[in-house]
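Single-structure report; data block below.
Sequence lines set the chain letters: A, B, ... in the order given, protein chains first and strands last, and positions in each chain run from 1.
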2 protein chains.
Amino acid sequence: MSQRTTEEYLETIGALEERESPVSTSSIAQSMGLSLASVSEMLRRLSENGLVEHTPYGGASLTDEGQRRFLRLTRRHRLWEVFLNRYLGIGWEDVFHHACSLEHATSDPVADKLAEFLDNPDVCPHGSPIPEKNLKRPVNAGVTLSNLEIGQSARVLNVIIENNSEFLRYLTGLDLTPGARLKVLEKAPYDGTLTIEVNNVARAIGREAASVIMVKPL
Amino acid sequence: MSQRTTEEYLETIGALEERESPVSTSSIAQSMGLSLASVSEMLRRLSENGLVEHTPYGGASLTDEGQRRFLRLTRRHRLWEVFLNRYLGIGWEDVFHHACSLEHATSDPVADKLAEFLDNPDVCPHGSPIPEKNLKRPVNAGVTLSNLEIGQSARVLNVIIENNSEFLRYLTGLDLTPGARLKVLEKAPYDGTLTIEVNNVARAIGREAASVIMVKPL
DNA sequence: TTGGAAGTCAAGGGTATCCTAATTATTGTA
DNA sequence: TACAATAATTAGGATACCCTTGACTTCCAA
């Protein structure tokens, strides 16, 4: 198994596990754009290598070792995002894509020194937590924007869809970037569309979108 | 052909072409640790793709397109070396290795912004020229240290063996890093071992080593 | 001009990854 | 509770890259 392929699988499984655990074979296949058969076979191999817990017909989850490797990758990915954003001036909308390849090409010493150079940031440009060097799984505090009630105020913590430039650009247009303060003005009864106030401007945002924005109620 | 494999070949051929052009199949095979047969087959494919000029039994050289791709890789490699050295504090002895993987993972916008961030450096930590954005082949001014005559003074321009940490550490121990000033005190008749003065200290250096150090006579 | 070195080609393997198609397990529901 | 629909797995191929070995061709230098 190539290092690279293994890492792609670990990342996919790790990410999916945030919402579904164990992760089904088909979720992985869909997310990676591969056939069910390929994933099934690969899960067997990852399982043999001790990175994934796989019970046939029962889905997959990361072992401790798999988890560690996943968090190490996430750490690298987000550190690069910070670098690309802060020093190279690449927008938060685009950093994900560029960091994707860099993370696999980063040796341990480089990752450590990079963290130090960046002054050990604890969130990426999308506001998501950067795993610490000890590779403990960071907790994702906050609730989704779609869960707020009318009248509640909140601050945007992070946006969990980090790889969709177009969507992130849309959010930039709404001033809904990490750190932004908002207040819920209205909540449509049928589809849950929100009217919120950001920077004293009223804006509408659909429930789908609101459900991938994590906020901290104030 | 995978992108990565192609790039490895282009880099190897490009580097060898500095001293031997066209490059023989066996040089490539030896340098990459592959069999003659594999290289022979791969050259045919690279040739089909228009990256390499390959006449059977006549060796290989890069086409204009191959050259451009080679220089783009070299540019990325050396830009990363500068970053790793200057900002992450990784010694010139070790940057090569770390930059090797990064160069293949760098998108065009990142490379451009990185160059800008670094203030468009024109040499890497080993003193070798960084190809400019227009991808013209840089000229390697200077002569080898082994070519100097007794009594001549010079400044170290660059060391052309960049991937041998141990050797570079040895040079650091001799204070023979890019920019260092030296003077040839003696030249042994049989094997060409040099005695040179660096920082007012006399040091011996073999001809092999002296032939990979480029200097500019003063 | 000829023998050895260098290079090529062909055959036969090995590994890794992916596919489609066929098969088997699980599950929701009538 | 049985059986279709769905999910997952296995089987069988395809491709890409690399290897070795051995036969052969080309080149060069003594």
Whole angstrom is fine here: how far is it from [atom1] in [X] over to [atom2] in [N]?
X	N	atom1	atom2	result
B:N49	D:dA16	CG	C1'	13 Å
A:E8	C:dC18	CD	C1'	15 Å
A:R44	D:dA8	CZ	C1'	13 Å
A:L46	D:dA8	CG	C1'	16 Å
B:L34	C:dG14	CG	P	20 Å
A:L43	C:dT17	CG	P	13 Å
A:R4	C:dC18	CZ	C1'	17 Å
B:M32	D:dC18	CE	P	7 Å

Does B:G33 reach a base, just sugar-phosphate, or nothing at all? Heavy atoms under 4.0 Å. sugar-phosphate

Kindly say if [X] contacts the phosphate of [N], meaning a side-chain N or O under 4.0 Å from OP1 or OP2.
X	N	value
A:S2	C:dA16	no
A:S35	C:dC18	no
A:H54	D:dT9	yes

Whichever of B:T5 and B:Y57 has the more 5' nearest nucleotide on DNA chain D, that residue is B:T5

Of the nucleotides [options], which has the atom closest to the [X] side chain?
X	options	answer
A:R45	D:dC19, C:dT8, C:dT17	C:dT17
B:M42	D:dT21, D:dC18, C:dT20	D:dC18
A:S40	D:dT9, D:dC18, C:dC18	D:dT9

- prompt: Are A:I213 and A:T144 close enough, and set up right, to give a side-chain contact (heavy atoms from CB on, under 4.5 Å), and what steps lead you there?
  reply: CA-CA 6 Å; A:I213 299 173; A:T144 67; over 6 Å; no

| message | Under 6.0 Å between ring centres: does that hold for B:Y87 and B:F117? | response | yes

### Query
Got a donor-acceptor contact below 3.5 angstrom from the A:Q152 side chain to the A:E149 backbone?
yes

Between A:D94 and A:R169 (salt bridge meaning N to carboxylate O under 4.0 Å), is one present in this structure? yes

Would you find more than 12 non-hydrogen atoms of other residues, nucleotides or ligands less than 6.0 Å from [X] atom [atom1]?
X	atom1	answer
B:H104	NE2	yes
A:N164	CG	yes
B:E65	CD	yes

Expected list for residues 16-26 of chain A near DNA chain D, using heavy atoms below 4.0 Å, is A:S24, A:T25, A:S26

